**Q** 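Pasting a structure below so you can have a look.
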Amino acid sequence: MNEDPIIIIGAGPAGLMAAHQLAKKGYKVHIYEKNKAAARKFLVAGHGGFNLTHSEPIASFIKKYDAEQIQHIVQSFDNSHTVAWLAEIGISTYVGSSGKIFPEKDIKPIQVLQAWLDQLNQLGVIIHYEHNFMDFDQHSVTLNHNNESIHKPYHKLVLALGGGSWKKTGSDAAWISLLKNKNITIKPLQAANSGYNTTDDYASLEGQVLKNIEISFQNTKKLGEMVFTKYGIEGSPLYYMNRYTRTFHFPLHLHIDLKPNLTKDALVKQLQSGSQVSTILKTKLRLSATAAALLRRLDKHTFTNPEALADAIKHYPIQVSGLRPIDEVISTAGGIPFTELREDLALHQFPNVYCAGEMIDWEAPTGGYLLQACFSTGAWIASSIDKRTTS
């Protein structure tokens, strides 16, 4: 058996999962991480609600991903596997009202990570912090530690280097130039799960939320809620729209259905009831103060004409001028295309070098789908390495 370890670059969720699954099978695993601590982006993501996956049935779950290859990988290590794995490291979970799966309410993100790291330590996984990844060839990896260049031979190499958002966590996509220099095609990184800059100024509504609305762009629609910001709009249905709007030229219009459970005809009937418009909006249509404030931005003719106002309630236009800068967004699209990878996620040009997580070109919405795919690619690579080694 090869005495060189399996080396994993990056101690994020994809790298840690690959290490965990490999170590359980008895492999010697070393992780090299450039930060002083593991999984910084994993912890930062937990500040906004630490949903680790989603309880959605797998048949519809995998449709949230934009590439057939990632759908297949997620199906092989799905949300039920993630829940079982969490139980294995001592983390109990519950399903929230939205279907998202969280750690039990008294369990903080750092506790999940520490339980995971403790388990890895028990399995003999060694994590080397403050080691910057510099280069690799067919047999060894080059790292920099304390300004000293280090060369480490490997049996298999797993690159789990992340995307390009939230640079402060270490996810800076510095690996792109290195792989390009090895003639590996990289699809340019783009903002994903991003808010939108708006042409109009909505500063007067900053921090206010529209709940139970539907966002639409052309034939694509998504229910949810959105919030106004100093620069524009944010929210999960808007993040969902990113992949559909990204290929078009900005500015463009999104539309908000402020009352998706009522038809336009039903709205017109209510608006023709004879009461003051403001009273109808509040008492009969039960629109929120934020929705009413948005409608009051309309011109007088539209606001006082039942047909025109009903149409605005069903299709309120928001002109957006672009996505937020990559460093601010939740995730990135683009990266290593599946055409550069074998089915086992090894590079065609380097068959003992595997790529995991967000550095691969796939896209998914928030709500547990991003983390799930990172877990899944790590588990997929571990299984692939084991099959190749034992066959």
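Only a predicted model underlies this, so the values are computations on that prediction, with no experimental measurement involved.
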**Q** Tell me yes or no: between the side chains of Gln122 and Asp118, is some donor less than 3.5 Å from an acceptor?
**A**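 Gln122 vs Asp118: no donor-acceptor pair found between side chains.
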**Q** If Ile, Leu, Val, Met, Phe, Trp and Tyr residues are connected whenever their side-chain heavy atoms lie under 4.5 Å apart, and connections chain through other members, are Ile7 and Leu345 in the same group?
**A** yes
**Q** Evaluate the criterion side chain to side chain contact (heavy atoms under 4.5 Å, CB included) for residue pair Leu117 and Asn121; output intermediate values, then yes/no.
**A** CA-CA 6 Å; Leu117 295 176; Asn121 184 55; over 6 Å; no
**Q** Taking atom types as modelled, find out whether Asn193 and Ser331 have a side-chain donor-acceptor pair closer than 3.5 angstrom.
**A**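 Yes, Ser331 and Asn193 have a side-chain donor paired with an acceptor closer than 3.5 Å.
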**Q** For this output row, return yes or no: ring centroids of Phe217 and Phe248 closer than 6.0 angstrom.
**A**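 Between Phe217 and Phe248, the centre distance is under 6.0 Å.
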**Q** So which of Gln190, Lys64, Arg246 actually passes side chain to side chain donor-acceptor pair (under 3.5 Å) with Glu363?
**A**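 Answer to the side chain to side chain donor-acceptor pair (under 3.5 Å) test with Glu363 among Gln190, Lys64, Arg246: Arg246.
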**Q** Quick check with a 6.0 Å cut-off and a 45 degree axis cone: is Lys105 positioned over the face of Tyr94's six-membered ring?
**A** yes
**Q** Going by the side-chain hydrogen bond (donor to acceptor under 3.5 Å, both in side chains) test, which pairs reach into residues 286-297, not counting sequence neighbours?
**A** Gln208-Thr290
**Q** Centre of Tyr239's six-membered ring, under 6.0 Å away, within 45 degrees of the axis: is that where NZ or CZ of Lys222 sits?
**A**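 No, cation not above the ring by the 6.0 Å, 45° rule.
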**Q** Taking only Lys NZ, Arg NE, NH1 and NH2, and the carboxylate oxygens of Asp or Glu, determine whether Asp344 and Arg388 approach each other closer than 4.0 Å.
**A**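 The answer is yes: the pair qualifies as a salt bridge.
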**Q** With sequence neighbours left out, write down each residue that passes ring pair (Phe, Tyr, Trp, His ring centres under 6.0 Å) with Trp362, or none if nothing qualifies.
**A**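 Here no residue qualifies.
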**Q** Within the 3.5 Å criterion, strictly below it, is a donor on Asn146 or Glu148 matched to an acceptor on the partner's side chain?
**A** no
